[in-house]
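Reviewing the structure listed below.
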Amino acid sequence: MKQKINIVKVKNVKIGEGFCVIAGPCAVESEEQLFKTAKLIKKNINILRGGAYKPRSFPDKFQGLKEEGLIILKKVSEKLNIPTVTEVLDVRDVALISEFSDMLQIGARNMANYSLLKEVGKTRKPVLLKRGFGAKIDELLGAAEYILSEGNNQIVLCERGIRTFETSLRFTLDFAGAIYLKQKTNFPVIIDPSHATGNPSLIKPLVKAGIAAGLDGVMVEVHYNPKIAKCDAFQALTPKEFNEIFK
Ligand code: PEP
Ligand code: MN
């Protein structure tokens with residue numbers, strides 16, 4: 001039988017109670033960029049996202065502002081009084097990032113990085129664990145076990161699309177898989193329709209579907225001016241589009 005949901009607390013936000021909206025730019029690019037974006041969507045979000053360390057497919061692409069990005073994230077978080085989530089790529093950065101962000105994100109590319117999972121498990125920070133795009137549900141649950149095994153049960157699972165033969169969209173969102181995770185585990189489960197589809201026009205119907213299916217939230221990429229975004233520009237919503245969906 002399904003157990004009671006394990007509520008994950010990120011500052012004053014309780015993930016697992018109601019529908020949690022996490023949004024913000026793919027990467028923190030400057031204080032102006034993050035502040036402008038966050039301010040415009042603040043009334044419709046629960047948690048602000050923004051990568052300071054970016055896992056890019058090629059090393060010549062923008063890798064994030066790193067420490068400077070963390071400082072900006074914290075500054076904007078304090079100014080607007082909104083909790084944050086940011087990705088940790090490397091075991092060596094876990095302690096530093098924990099000082100600057102309220103929630104740690106393990107991205108798809110690191111879902112099976114067992115030393116990193118254990119390291120975030122040693123912290124008492126809430127963790128947003130994204131499914132690897134080549135990972136089975138069982139392997140995602142194995143990754144969560146690694147975090148749990150170090151004593152951290154503040155875990156939110158995120159379905160962000162997997163690789164299949166289908167190439168019309170960026171990835172294939174395993175929606176049934178997300179619902180199955182809700183049935184099978186007591187972790188809150190959210191979807192990331194931005195990375196899953198790479199297509200802003202699909203965000204609204206997928207958010208509606210997520211709510212209808214009883215999922216615990218979404219993570220969506222938003223940029224005050226997607227055209228100039230340094231990362232994942234094609235998939236970001238404008239604040240206006242975002243607010244239209246989430247108002
Ligand atoms: C992200 O959310 O910034 C990200 C890189 O997503 P994923 O790990 O799902 O590719
Ligand atoms: Mn992105």
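Note that ligands are numbered from 1 as they come in the structure, with each ligand's atoms numbered from 1 the same way.
With the Mn ion (ligand 2) at the apex, Glu221 OE2 and Cys26 SG define an angle of roughly 100° (rounded to 10 degrees). Put simply, the angle at the Mn ion (ligand 2) from NE2 in His195 to OD2 in Asp232 is close to 90°, to the nearest 10°.
Protein residues with any heavy atom under 4.0 Å from ligand 1: Arg49, Lys54, Pro55, Glu87, Gln105, Gly107, Ala108, Arg109, Lys130, Arg160, His195, Met219.
Among the atoms of Cys231, no N, O or S atom falls under 2.8 Å of the Mn ion (ligand 2).
Within 6.0 Å of CZ on Phe62 lie more than 12 heavy atoms contributed by other residues, nucleotides or ligands. Dense packing is recorded around NZ of Lys42, with more than 12 heavy atoms of other residues, nucleotides or ligands lying under 6.0 Å away. Within 6.0 Å of NZ on Lys9 lie no more than 12 heavy atoms contributed by other residues, nucleotides or ligands.
Through direct or relayed side-chain contacts under 4.5 Å between Ile, Leu, Val, Met, Phe, Trp and Tyr, Ile228 connects to Leu40, Tyr224.
Salt bridge present: Arg49 and Glu221 bring a charged side-chain N and a carboxylate O closer than 4.0 Å.
At least one donor-acceptor pair closer than 3.5 Å links the side chain of Thr86 to the backbone N or O of Gly50.
The side-chain tip of Arg160 does not point at the ring of Phe133 from less than 6.0 angstrom away and within 45° of straight on.
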